[in-house]
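When a ligand or atom number is given, it counts from 1 through the structure's own listing order. Below, each value reflects all heavy atoms present in this structure, side chains not excepted, and no hydrogens, waters or symmetry copies. Everything numeric here is computed off the predicted structure, so don't read it as measured data.
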Amino acid sequence: MTKQPVILDTDPGVDDALAMMLALGSSELDVMGICTVSGNVPLDVGTRNARGVLHLLGQAEIPIFAGADRPLKRDPVFATEVHGKTGMGRAALPEPNANQQAGRGVHAVDFLVQTLSEQPGEVVVIAVGPLTNLALAEQRGPGVLQKAKQVIVMGGAIAEPGNVTPVAEFNFYADPHAARRVIHSGAALVIAPLDATHQVMLRESDIEERIAPLNTARSQFVVDATRNMLARCRQIGREPMVYLHDPLAVGAAIAPELLDVETVYVDVETSGDLTLGQVVADRRDAPSKGRLGTPVDCVMRVRAEAFLSLFLSRIFSLACLQI
Ligand code: RIB
Ligand code: CA
């Protein structure tokens with residue numbers, strides 16, 4: 001089976017780490033490199049986390065390319081209240097030697113531009129953090145995102161409320177100008193918005209009954225990394241769970257048959273005091289030429305249980321995990 005080359009652009013964060021585990025546990029994919037970007041945590045913290053996750057998975061040879069340490073225009077925002085100060089909840093990751101990390105010294109934007117230009121139509125980019133690196137790549141090489149076979153983005157909210165403001169999802173809120181630039185890039189885009197990612201989650205019972213008993217370094221990492229998020233749910237009176245936002249973007253690359261996609265005309269608000277980062281979806285019953293925004297394929301429905309089973313079996317690389 002020919003492996004699909006992918007580049008994962010990420011701001012590790014807990015669900016980013018789960019997305020890395022899913023991508024690296026899926027034999028359909030050839031992860032060419034990990035690009036890091038400021039988002040959930042500052043760039044240096046996220047880059048260190050990416051290195052630690054690769055080391056945990058025994059794949060330290062995969063190159064990491066540090067990227068943008070701030071958004072295109074707005075001030076940086078982080079999500080340490082959700083992911084913890086380290087970005088990995090309460091998990092302790094190994095501290096590999098940064099000097100030995102492959103990819104070191106090559107900027108993520110240079111890696112994106114060079115790889116997409118050298119292999120047009122072949123590489124899938126999976127972006128699960130703010131889109132700053134992708135927007136800078138497009139700025140550096142106009143049309144370069146169109147050279148990707150596909151650009152899968154976790155971000156935005158179509159009909160679902162936001163998760164960082166009433167109307168904005170974190171990745172698009174953290175760099176709205178980048179999100180708008182990527183949406184208008186003409187790339188072969190698929191977006192996994194909160195409308196879809198809020199359908200897939202790890203419940204506390206899944207962690208206690210289907211992950212903790214595995215009693216491996218990987219399962220313990222997942223238990224420790226998600227502990228903060230479960231505690232925070234309890235603090236705010238919600239059912240303890242961890243949304244699988246970023247893993248679902250990887251799911252769009254390995255199991256698109258589990259997802260229902262709808263073409264929606266979208267744009268991103270880049271100046272509203274109250275609406276910064278909002279996805280404005282034009283779903284009016286009007287002729288397409290009169291629509292606002294750009295038509296983009298958006299994941300709107302997920303076969304959640306099937307995806308969760310796939311996710312759990314892949315991240316622990318147990319073909320017949322009794323889950
Ligand atoms: O809104 C969810 C997104 O924001 C995920 O990518 C999560 O990691 C955070 O970056
Ligand atoms: Ca993320």
Please name the pair of heavy atoms, one in [X] and one in [Y], separated by the smallest distance, quoted to 0.1 Å.
X	Y	answer
A168	Q278	CB-N, 4.1 Å
V53	F221	CG2-CZ, 4.3 Å
A108	N133	CB-ND2, 3.8 Å

Which segment of [X] sits under 4.0 Å of ligand 1 when only heavy atoms are counted:
X	answer
D15	side chain
T197	neither
D11	side chain
V164	neither

Any atoms of ligand 1 less than 4.0 Å from a non-hydrogen atom of [X]? List them with their elements.
X	value
D16	8 (O)
V128	6 (O)
N171	3 (C), 4 (O), 5 (C), 6 (O), 9 (C), 10 (O)

Students should be able to answer this: which protein heavy-atom is nearest to [atom], and at what distance?
atom	answer
atom 1 (O) of ligand 1	E169 OE2, 2.6 Å
atom 9 (C) of ligand 1	N40 OD1, 3.2 Å
atom 6 (O) of ligand 1	D246 OD1, 2.6 Å

Just do the side-chain contact (heavy atoms from CB on, under 4.5 Å) check on S26 and K3 with the steps written out, would you?
-> CA-CA 10 Å; S26 296; K3 285 178 175 275; over 6 Å; no
When you look at CZ of R70, are more than 12 heavy atoms from neighbouring residues, nucleotides or ligands closer to it than 6.0 Å?
-> yes
With a 4.0 Å cut-off, would you call D206 and R203 a salt bridge?
-> no
Between [X] and [Y], do the side chains contain an N or O donor and an N or O acceptor separated by less than 3.5 Å?
X	Y	result
E269	S271	yes
D15	H245	no
H184	D267	yes

Which residues and atoms, counting only protein N, O or S, are under 3.0 Å from the Ca ion (ligand 2)?
-> D11 OD1, D16 OD1, D16 OD2, V128 O, D246 OD2
Heavy-atom check, side chain of T36 versus side chain of L43, under 4.5 Å = yes
L194 N/O under 3.5 Å from ligand 1 N/O | no
Say whether H245, considering both its backbone and side-chain N or O atoms, lies within less than 3.5 Å of an N or O atom on ligand 1.
-> no
Please tabulate, one pair per line, all N/O donor-acceptor pairs under 3.5 Å involving side-chain atoms of residues 258-265, not counting sequence neighbours.
from	atom 1	to	atom 2	distance (Å)
E262	OE1	R283	NH2	3.2
E262	OE2	R283	NH2	2.9
T263	OG1	D297	OD1	2.8

